[in-house]
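Everything below concerns the one structure shown next.
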Amino acid sequence: MPQELPPKYTPKEVEEKWFDFWAKTPLFHSRPRPDKKPYTIVIPPPNVTGILHMGHALNNTIQDVLIRAKRMQGFEALWMPGTDHAGIATQNVVERKIAKDGLKRQDLGRDEFLKTVWQWKEEHGSTIIHQLKRMGASCDWARERFTMDAGYSSAVVEVFVSLYEKKLIYRGDYIINWCPRCQTALSDEEAPHRDLDGKLYYIKYPLKKSREHIVVATTRPETMLGDTAVAVNPKDKRYKHLIGETLILPLMEREIKIIADDLVDKKFGTGCVKVTPAHDPNDYAMGKSHNLDFVNIMHPDAVLNANAGEYAGMDRFEAREAIIEDLKERSLLLKVEEHRHAVGHCYRCHTIIEPYLSKQWFVKMKPLSKPALEAVKKGEIKFTPKRWIKVYLNWMENIRDWCISRQIWWGHRLPVWYCEECSKSTQPDAGVIVSRTTPERCPQCGSSDLKQDSDVLDTWFSSWLWPFATFGWPAAKSKSELDYFYPTSTLVTAPEIIFFWVARMIMAGFEFMGKKPFSDVYIHGTVRDEEGKKMSKSLGNSIDPLEIIEQYGADALRFSLIAIAASGSDIYLSQERFEQGRNFSNKIWNASRFILTNLREDVTGDGIDRESLKVQDEWILSSFNEAVRKVTKAIDLFKLNEAVNLIYEFFWHQFCDWYVEIAKHSIAEKNTQEVLVRVLKDTLLLLHPFMPFITDEISSKLPGEKIETIACSAWPKPKKEFDHKAAFATMDLVFKSVFVLRNFRKDLNLGPQDLVSIKMATTAQNKSAIEAVSSTMSNLAFAKISVSTDKTVAPNCLSALIAKDVHLYLLLEGLVDIQKEKERLDKEIAAMGSQLKQKKNMLENKDFVKKAPEAVVNRERQRVDELKDSMKRLKEVRRALK
RNA sequence: GGGCGCAUAGCUCAGCUGGUUAGAGUGCUGCCCUCACAUGGCAGAGGUCGAAGGUUCAAGUCCUUCUGCGCCCACCA
């Protein structure tokens with residue numbers, strides 16, 4: 001007995017039932033199966049602090065569409081889920097939490113603080129995982145990983161130690177990006193530059209030997225306290241004679257030299273640069289090459305230290321003001337200009353970063369980049385859209401060493417110990433022990449006075465191992481799984497993290513696995529609001545995906561996101577965009593409801609009698625075949641918006657608008673019902689990767705074999721026996737006829753009961769097809785419908801051309817406004833005439849006939865014939881109007 | 001300073017290797033609560049495809065320049 005569906009679609013109830021089932025089902029658990037091909041996606045692990053936003057929603061919907069489609073297509077599909085410990089972000093969250101009790105992390109101490117973070121993670125860290133489940137993500141949940149799991153951590157240690165052993169990790173004093181708020185070093189990628197309106201200060205530095213001075217220009221005057229030279233370009237004639245002279249550094253009253261260096265741009269400012277080796281990367285380079293003193297003037301929190309003399313204790317910006325005032329007082333400030341320039345910011349807390357000299361750990365990147373460059377150049381790893389290749393290559397070719405140590409507590413602690421005894425030696429790296437296991441004693445001197453490095457590793461130093469560490473590498477037992485699932489298939493992510501993550505994963509893949517980590521990188525757009533701003537909680541412009549799920553359902557959210565997300569372009573969102581998804585859900589629901597309520601008991605969808613198919617049946621089955629071909633291809637090309645729009649168009653405008661409407665008139669027939677069920681079932685399968693909830697729900701109510709979920713059903717294949725090419729042409733006549741009749745009906749204000757006579761000049765075959773459906777579809781009743789090959793035209797009738805061989809005449813003597821009809825015809829004839837003329841010109845053009853492909857020329861010739869014929873017939877009708 | 005992207009209907013966008021009369025969603029107008037659906041149906045209005053050149057038999061599509069947005073990268077202090 002077919003089950004009934006409730007009259008109104010309520011996504012909430014339906015979806016809650018299914019997401020619960022999917023979250024628990026073992027069906028999404030994958031294991032190596034030699035008889036099947038693997039298709040693997042590793043999730044970009046969201047931060048444990050994460051709460052689902054639109055970017056996540058889009059990213060994970062795309063992955064779920066791909067994984068569900070491939071699973072149905074017979075692949076051993078694995079979607080690896082997990083979360084990232086997100087060092088700085090998570091530490092910040094927990095610090096904020098304990099701050100409410102007036103506590104700092106130092107008050108708790110390292111161990112106690114870390115306990116608190118773990119506790120926080122246990123309580124809140126799975127929020128986003130739960131939200132992904134709610135969206136319908138068909139991950140292999142049993143495999144869920146966390147970047148600080150014991151196993152994962154051993155991968156991080158292994159990688160650190162092995163890179164150190166290969167001399168690809170080193171430690172040293174360099175200028176790094178320092179966030180004074182987070183009080184940690186950051187990599188270059190973590191310190192994005194933003195243009196700011198700043199000021200350029202011109203400051204006089206007096207010469208020691210005379211009353212003259214030279215002028216330097218700077219945006220950060222406070223750093224002058226740490227100046228140990230002034231540099232000019234050696235080719236700069238203005239200053240050549242001053243090279244080697246001594247200046248008196250104002251305020252500090254320290255003697256500094258004028259040096260010459262090619263790094264100085266003659267054209268910028270005055271051509272004289274103050275050199276602060278401890279607070280600027282360029283100056284650092286000059287400091288090294290000219291053997292200058294390195295004067296660090298700041299504490300880690302950017303408060304000036306004792307080296308800043310009387311400014312000690314002031315914050316860097318406070319000091320800037322004070323210094324400017326003091327310079328003014330001494331008439332040493334020449335001028336101040338407005339100056340827009342790029343300033344680095346902490347990507348976590350947006351504080352202006354400080355270039356800061358400190359001892360950090362680095363990865364030597366150049367050697368790692370080589371295979372990563374080759375793989376992409378050769379196309380071994382493909383990017384979609386292609387344009388990101390250039391971005392990737394550009395970064396990779398100019399790669400710089402990676403600062404990986406962080407002065408925070410939450411993260412993978414460096415597997416580095418220092419021997420107190422040996423470190424007294426002056427040798428570089430003396431007493432440094434890099435080890436996979438905690439060492440008991442110093443291998444050099446045997447001392448047990450060892451101290452572990454207090455730094456932790458950059459979060460991305462664990463993320464870059466994600467495609468293989470999630471399988472348990474380096475443990476031996478991970479081998480069979482890695483052999484089967486690695487390299488993974490597709491990585492789906494946003495452009496923002498190409499450098500952070502994608503590029504580094506490729507390098508790690510080659511370095512540690514000897515193989516690429518994935519074959520395809522699909523870069524989707526950034527989700528933005530209506531004004532083009534990146535959506536973020538801090539801007540308060542975000543549309544909450546959970547809100548959309550609540551209101552319209554997860555299917556609606558998924559559908560709309562995919563439909564909007566044209567491959568690669570940024571996505572502008574507004575609430576209304578999700579209504580389309582909701583409306584589509586409702587349409588599917590109601591069409592299904594209609595079919596179900598009419599169903600005979602013996603209908604399964606598998607019992608189509610091919611011998612007695614009507615032309616509309618042939619048409620819809622053929623159309624579905626077309627849809628399957630196109631949708632399958634579109635998914636393979638990552639054109640998911642195209643795929644979902646194809647299904648939408650097919651289901652709504654072909655199946656519902658035409659087939660179901662026509663089918664109403666033979667709804668009692670078994671064969672009609674079989675076709676309805678067959679097409680509905682198969683469309684639900686096609687749609688399932690995009691809208692898993694509603695498709696599974698409806699499928700479960702349809703007759704036929706009972707299965708738990710269609711998530712593992714076979715993907716529809718085009719059925720050759722249902723390809724009826726001729727049906728397209730015939731149905732096309734039907735559509736046009738109905739369209740014409742609807743217009744007649746509207747123009748004449750005819751109701752459903754009005755009886756009209758139709759004369760049709762066409763073949764008998766076409767007539768029967770048109771006749772069968774057009775009266776009801778156009779909401780007209782026909783007293784009389786006659787078919788004729790007779791070209792003579794009845795007087796005073798409405799007429800319309802359907803196709804070359806089909807002409808409809810609506811016999812309505814006395815009802816027609818002759819004058820109006822004449823005008824209408826004249827207009828139509830004129831339009832046709834100009835089109836005809838254009839085509840004729842084209843064909844008279846010898847170059848066109850000679851150079852254009854034959855098919856194009858023939859098509860034009862045929863079109864001209866048709867137009868000529870139509871013109872003739874229309875003119876006849878026009879003459880018959882009296 | 002380099003690089004990339006976008007500009008098509010009122011709005012948001014599709015439009016693939018150039019080839020019939022440039023499409024969708026939404027909004028708008030008119031008529032319909034017709035027994036799946038008003039979250040719906042039918043019909044309709046609305047476009048010199050950012051500008052100017054060029055290539056071509058043929059350009060929304062390819063090339064050049066320009067304009068206006070947007071993004072990314074970069075050690076001009």
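In what follows, chains are A, B, ... by sequence order, proteins preceding strands, each numbered from 1. Because only heavy atoms are used, hydrogens play no part in the values below, and waters and symmetry mates are left out as well, while side chains stay in.
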- [ ] Using Watson-Crick or G-U wobble geometry with both distances below 3.5 Å, tell me the partner of B/G18, or none.
- [x] none

TODO: Taking only the side-chain nitrogens and oxygens of A/His339, find out if one of them lies under 4.0 Å from OP1 or OP2 of B/A77.
DONE: yes

Open item on the list: Can you see if the side chain of A/Arg400 gets near the phosphate of B/A74 - specifically, an N or O under 4.0 Å from OP1 or OP2?
Closed with: yes

Open item on the list: Taking salt bridge (Lys or Arg N to Asp or Glu O under 4.0 Å) as the cut-off, I'd like each qualifying pair that reaches into residues 647-663 of chain A, sequence neighbours left out, listed once.
Closed with: A/Glu661-A/Lys664

Open item on the list: Taking donor-acceptor contacts at under 3.5 Å, does the side chain of A/Asp847 reach the base of B/C57?
Closed with: no

Between the protein and nucleotides 20-29 of chain B, which nitrogen or oxygen pairs are less than 3.5 angstrom apart?
from, atom 1, to, atom 2, distance (Å)
B/U20, O3', A/Lys839, NZ, 3.1
B/U21, OP1, A/Lys839, NZ, 2.7
B/U21, O4, A/Arg863, NH2, 2.8
B/G25, OP1, A/His653, NE2, 3.2
B/G25, O2', A/Gln580, OE1, 3.1

TODO: Give me the ring orientation class for A/Tyr174 and A/Phe362: parallel if the planes are under 30° apart, tilted from 30 to 60°, perpendicular past 60°.
DONE: perpendicular

- [ ] Measure from NZ or CZ of A/Lys288 to the centre of the six-membered ring of A/Phe294 and say whether it is under 6.0 Å with the direction within 45° of the ring axis.
- [x] yes

Open item on the list: Would you say A/Lys390 places a side-chain N or O within less than 4.0 Å of OP1 or OP2 belonging to B/G5?
Closed with: no

- [ ] Indicate whether OP1 or OP2 belonging to B/G41 is found under 4.0 Å from a side-chain N or O atom of A/Lys587.
- [x] yes

Task: Check: A/Lys639 side chain, B/C16 base, donor-acceptor under 3.5 Å - done: yes

Open item on the list: Could you tell me the Watson-Crick or G-U partner of B/C62, where both distances fall under 3.5 Å? Say none if there is no partner.
Closed with: B/G54

Open item on the list: Suppose we call a contact any N or O donor and acceptor under 3.5 Å apart; does that hold for the side chain of A/Lys850 and the base of B/C57?
Closed with: no

Open item on the list: Please report the distance separating the C1' of B/U48 from the corresponding atom of B/A22, rounded so that it comes out in whole Å.
Closed with: 13 Å

